[in-house]
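Down below is the structure, laid out as structure tokens.
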Amino acid sequence: MRVVEARDVHKVFGAVSALRGVTLDVADGESVVIFGPNGAGKTTFLKIAATLMRPTAGRVRLFGEDPADNPRLRRHLGLVSHHSYLYGALSGLENLVFAARGYGVADPWGRAEALLDAVGLWGRRHDPVRTYSHGMVRRLSIARALVHDPPLLLLDEPFVGLDRAAADLLVGLLTRMRSSRTVVLTTHSIEQGLALADRVVILVDGRVAYQAPNGFPDRQAAERLYAELVGAQT
């Protein structure tokens, strides 16, 4: 089954064309990593896939349905974006319990505690989120996206603001989830992205410039191709 099905998707903001005819399918259980420079359209595509905005032209279906016809599809999504969707005055534990209750999770406290341990924040679970570092907020936002165990996980630059240890922790967490859910992830990090990819997509100037169904033979090959497609920006 195609979990995400995008057909000739365009998105225009005034005089700026952010997406120029993107066609992309993501199968059930597949992990697709989208590379591209700033302004390539990565975030715009993820926002459309997350139903946060609608395309100017073209269509996107989730789980075979049009999200405009079935708003309940949003409950099947987990989103990590540049907005954390966290409350600074609440503790990390309280944030996750609040989110879990909103999704009707059967054991909100147990689910929240398990995720805090998984993202390495157990020791800070009772501290207000406003006291967290940027990297800690990023990790907690990932836990929040997973709180209702969504079958589709959308991650926009999840490694931004993470130190090496936190990034490795996230790679390990996502690796363990491979095949148990569908993942679409955007990143600038070729090394971390390749570690998670069943399929690689490179966006350039709002278009799909390249797709590799089986990834790359090595990091150096990926970096060479990326440099050829987008310029010496790696």
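Keep in mind the model is a prediction, meaning the values are calculated, not measured.
Nearest approach of H76 to P151, heavy atoms of both residues: O-CD, 3.2 Å. Minimum heavy-atom separation, L116 to L96: CG-CD1, 3.7 Å. In terms of heavy-atom proximity, A197 sits nearest to V33 at CB-CG2, 3.6 Å. Between S17 and V12, the closest heavy-atom pair is OG-CG2, 4.0 Å. Taking each heavy atom of G92 and L140 in turn, the nearest pair found is CA-CD2, 3.8 Å. Annotation for A195 and V171: closest pair CB-CG1, 4.2 Å, computed over non-hydrogen atoms.
Distance alone, capped at 3.5 Å, is enough to place a donor-acceptor pair between the E30 side chain and the A27 backbone.
If you check the side chains of T186 and D156, you find a donor sitting under 3.5 Å from an acceptor. A donor atom on one side chain and an acceptor atom on the other are not found under 3.5 Å apart for R7 and T23. At a cut-off of 3.5 Å, with distance as the only test, a side-chain donor of T131 or R124 sits close to an acceptor on the other residue.
The shortest distance between side-chain heavy atoms of T51 and L73 does not fall below 4.5 Å.
Here the OG atom belonging to S84 is positioned 12.0 Å from the OH atom belonging to Y132, to the nearest 0.5 angstrom. The structure places OG of S189 at 10.5 Å from CG of L162, a figure rounded to the nearest 0.5 Å. Between atom CG of residue L152 and atom CG of residue L77 there is a gap of 5.0 Å, rounded to the nearest 0.5 Å. Atom CZ of residue R2 and atom CG of residue D25 lie 4.5 Å apart, to the nearest 0.5 angstrom. One finds the CG atom of L196 at 9.0 Å from the OG1 atom of T187 (value rounded to the nearest 0.5 Å). Note: R164 CZ to Q192 CD = 6.0 Å, rounded to the nearest 0.5 Å.
The cationic group of K11 lies under 6.0 Å from the six-membered ring centre of F13 and within 45° of the ring axis, placing it in a cation-pi geometry.
Taking hydrophobic clusters as Ile, Leu, Val, Met, Phe, Trp and Tyr residues chained together by side-chain heavy-atom distances below 4.5 Å, V22 shares a cluster with M53.
Salt-bridge formation is not detected for the pair R181/D28: no Lys NZ or Arg NE/NH1/NH2 atom is positioned less than 4.0 Å from an Asp or Glu carboxylate oxygen. Residues R74 and E65 are not paired through a salt bridge, judged by the lack of any N-O separation under 4.0 Å between the basic side chain and the carboxylate. The pair R125-E113 does not count as a salt bridge, with every side-chain nitrogen at least 4.0 angstrom from each carboxylate oxygen. Between R61 and D66, no side-chain nitrogen of the basic residue sits less than 4.0 Å from a carboxylate oxygen of the acidic one, so the salt-bridge criterion is not met.
Y87 OH: 12 or fewer foreign heavy atoms inside a 6.0 Å radius. Residue R59 places its CZ atom among more than 12 non-hydrogen atoms of other residues, nucleotides or ligands, all under 6.0 Å distant. Shown here is F98, whose CZ atom has no more than 12 heavy atoms of other residues, nucleotides or ligands within 6.0 Å.
Taking the six-membered ring where the residue is Trp, Y103 and H148 present parallel rings, their angle staying beneath 30° rather than reaching 60°.
F35 and H188 have their aromatic ring centers separated by at least 6.0 angstrom.
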Check against side-chain contact (heavy atoms from CB on, under 4.5 Å), L121 and M136:
CA-CA 7 Å; L121 291 174; M136 292 169 65; 3.9 Å; yes
